[in-house]
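Quick notes on the structure that follows.
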Amino acid sequence: MMYQYDSIDHQIVQQRVDQFRHQVDRRLAGELSEDEFRPLRLMNGLYLQRHAYMLRVAIPYGLVNTRQMRMLAHIAREYDKDYGHFTTRQNIQYNWPPLRRVPDILQDLASVEMHAIQTSGNCIRNISADHLAGVAADEIEDPRPYCEILRQWSSFHPEFSYLPRKFKIAFTGARKDRAAVAVHDIGFRVVEGPDGENGFEVIVGGGLGRTPVIGEVIRPFLPKRDLLSYTEAIMRVYNLHGNRDNMYKARIKILVRSLGPEEFGRQVEETWERIKDGVLVLEQAEIDRVRAFFAPESYDEAAAQNFDHEAAAHTNPAFARWLGQNVKAHKEAGYNVVFVSLKAPGVPSGDITSTQMELVADLADQFSFGEIRATHDQNLVLADVPNAGLFPIWQALQAAALATPNIGTLTDLICCPGLDFCSLANSGSIGVANAITDRFEDFDYLHDLGELRLKMSGCINACGHHHVGHIGILGISKNGEEWYQIMLGGSAEDDASLGKWLGPAIPKDDIVDAISRLLVAYVDVRLPEERFLDCYRRIGREPFKEAVYGDAAA
Amino acid sequence: MATLLLKERRIIADPYTELADDAPLPDGPVLVSFPRWLDEHEVLLGRGVDVGVRLPNDADADVLAPALLGASLLVLDFPGPKDGRAFSQARIFRDLHGFEGEIRATGTILRDQIFYMHRCGFDAFEISEDANLADILAAFEEFTIAYQAAADDHIPAYRRRHLQTEA
């Protein structure tokens, strides 16, 4: 179940489409220079990249229905090169739309309650959430109603559309954080309150990029009624006091660091005092109204009886492997969370063709209540699959190259578009990712390596989140060539930590061997069942440094 | 850059004379810097004509607001197309302090920012002489409804929904 637009939502989105069409017309007629057009197009997620415009479409908290997914497929086919790219913020990007057709794309999106509003620019961006919201066993409360409430409050907010820099918010409602709340500008974590009512822990000032920082808890408990007013207070302090002299030092994390979390929190509280009991109070009636859109599916009690996992696994090892790796537990007996891997060998992380999108939509209609989620690892999720659906889904996904059994492993890596696409990049990332996937194609070895989050960025802007990878790789430019630096020990989860550099940069031809040596060293010294990350935290950097650099490190 | 004053959807002549800090007082409404206002506001207000104050865009609106009692005009600055501080300043004066006089936007004003400025409490805009007036006026109408409450409308969209269903 998901939010449905009413006439207010439709009107706002339509007026935005009309406004943008008018802006594009003026641009194409020469009435707006590129400089004047830039802030306007960025507000609609339209970037100018290395080869072409890139359009970033919002997928609020990562949730789409099948009608929307089919429209995303149509857009890829009709306006682009037949594929889309899912991002680390649960959005989808198109790399080749012609400028004059972008208003038509936005119109098509509006017809299925989608848009590209505020997916770029110095404003509040897409609010992301746990991809297992509503189905995870460890969930305290589904955060998505609050994501939707905050999404509306932040859309076209007149005071906060010209911030010092972009602003990213994430929510988690579970005990285990799958939304990386510690590395967002604001992270909200649902927590149980002192009197039994849930509220939010508010974390501010996390982020990656050039200055990676883990966020600070500014307020351990915020009642739900104060969600909008408190967020408005944070935004006002940031808008007024965030650094505007240096765009590389303009995120809120810099302000929190320079004031110190206590002083920052004090300023927020002082600002909040003035507004907390006014029009911004979030009333229970509104919470109830939006929550109703996210009611649980009508699960079939008989689903649990419908499947003999073991028998199927015995007869089909490939299916068993996929079951073990790509299917996770659901809080409802007889149901499963199915990950659709967009990390097939030879395909850039997160890329998906229009035909594949349509297949996933068909499977969702047939087996998963017509909804699909995008994860912030650039995969998709069918979140409510009954036991009886597992084998047919696997067969269909397998035939479409969407069943690579690698979720959570080394080859389920995050990788930014890099030098092939992005005008900010220093190095190629997709090529290295492909080489890694090739090298580690043996699934037995891959699964033996266990849980591994490898994250790669083609430049220090860190769109690939390399600081929070168990293994992080950063592409740099050295003497005009593509070199790579390795960092180890990062994590975006509850045990959030930033990785540490391993040693000198490594040339492109050697990087995959280096990763290989790293992993051989890990397998050599690990304790039974010990993850790579935990092994690193236990034994430190030196053994890995020696494995990668050998005598040169001494 | 020569500018025109847009107020209440029309171009009007500016009734205020802007004064340097050491300039003598003419007849009629005057616009002064904040330091001059601090020094001379009693004298200026004692003349019985309107006084406007020009504020830099890093001025702390909440702290200064009580000291601006009696001013009829606040001129707030947008030093560049990306600098959105004055949006907050205007809301603070309008919403938190109930300022009822004119709040005027000056500096770099993009036509497409005017709607937000209006929502934040600006009611006058110094626009470029070359600006396309019809286009600018259209900017006010581009959105007929908004999600969140602001200075121009204290009922957020979701409250409207509840009012509708209760009716």
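Naming: A, B, ... by sequence-line order, numbering from 1 per chain. Only heavy atoms go into these numbers, but all of them, side chains included; no hydrogens, no water, no symmetry mates.
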Checklist entry - Given that the side chain runs from C-beta out, which part of A:Ser154 has a heavy atom under 4.5 Å from chain B: side chain, backbone, both or neither? => result backbone

Checklist entry - When rounded to the nearest 0.5 angstrom, what distance separates CZ in B:Phe115 from OG in A:Ser161? => result 10.5 Å

Item to check | Geometric cation-pi criterion, B:Arg9 with B:Phe140: 6.0 Å, 45° | outcome: yes

Item to check | Presence of salt bridge, A:Arg291 and A:Asp288, under 4.0 angstrom | outcome: yes

Checklist entry - So how far is it from A:Glu269 CD to A:Lys276 NZ, rounded to the nearest 0.5 Å? => result 9.0 Å

Next on the checklist: Between A:Asp9 and chain B, with a heavy-atom cut-off of 4.5 Å, which part of the residue counts as in contact: side chain, backbone, both or neither?
Outcome noted: both

Item to check | Which atoms of B:Asp135 approach chain A - backbone, side chain, both or neither, heavy atom under 4.5 Å | outcome: side chain

Checklist entry - What residue in A:Glu232, A:Glu36, A:Arg289, A:Gln152 has the most heavy-atom pairs under 4.5 Å with chain B? => result A:Gln152

Checklist entry - Who in residues 11-28 of chain A is close to chain B, using a strict under-4.5 Å heavy-atom cut-off? => result A:Gln11, A:Ile12, A:Gln15, A:Arg16, A:Gln19, A:His22, A:Gln23, A:Arg26

Item to check | Proximity of residues 63-85 of chain B to chain A, residues having a non-hydrogen atom under 4.5 angstrom | outcome: B:Pro81, B:Lys82, B:Asp83, B:Gly84, B:Arg85

Checklist entry - Do the non-hydrogen side-chain atoms of B:Phe93 and B:Leu55 ever get within less than 4.5 Å of each other? => result yes

Checklist entry - Do B:Arg54 and B:Glu18 meet the salt-bridge criterion of a basic N to acidic O distance under 4.0 Å? => result yes

Checklist entry - Are a donor atom and an acceptor atom from the side chains of A:Glu141 and A:Tyr146 found within less than 3.5 Å of each other? => result yes

Checklist entry - Who are the salt bridge (Lys or Arg N to Asp or Glu O under 4.0 Å) partners of A:Arg274, not counting sequence neighbours? => result B:Asp62

Next on the checklist: side-chain hydrogen bond (donor to acceptor under 3.5 Å, both in side chains), that's the test. Do B:Gln148 and B:Arg119 meet it? Break it down for me.
Outcome noted: CA-CA 10 Å; B:Gln148 64 289 103; B:Arg119 295 210 67 219; 2.8 Å; yes

Next on the checklist: What's the separation between atom CG in A:Leu163 and atom CZ in A:Arg165, rounded to the nearest 0.5 Å?
Outcome noted: 11.0 Å

Checklist entry - Under a 4.0 Å N-O cut-off, is there an ion pair linking B:Lys7 with B:Asp14? => result no

Next on the checklist: Quick check on the interface: out of B:Arg111, B:Gln89, B:His118, who has the most heavy-atom pairs with chain A under 4.5 Å?
Outcome noted: B:Arg111

Item to check | Spatial distance of atom CZ (A:Phe160) from atom CZ (B:Phe87) [nearest 0.5 Å] | outcome: 11.5 Å

Checklist entry - Hey, which residues of residues 247-254 of chain A are touching chain B, say heavy atoms under 4.5 Å apart? => result none

Next on the checklist: One thing to verify: whether A:Glu270 and A:Arg266 come together as a salt bridge, which I'm taking to mean a side-chain N less than 4.0 angstrom from a carboxylate O.
Outcome noted: yes

Checklist outcome for this item: Here the gap from A:His241 atom NE2 to B:Asp58 atom CG, rounded to the nearest 0.5 Å, amounts to 10.0 Å

Checklist entry - Side chain, backbone, both or neither: which part of A:Leu228 has a non-hydrogen atom closer than 4.5 Å to chain B? => result side chain

Checklist entry - Charged N to carboxylate O under 4.0 angstrom, A:Glu34 versus A:Arg41? => result yes

Item to check | Interatomic distance, A:Gln4 atom CD to A:Phe293 atom CZ [nearest 0.5 angstrom] | outcome: 6.5 Å

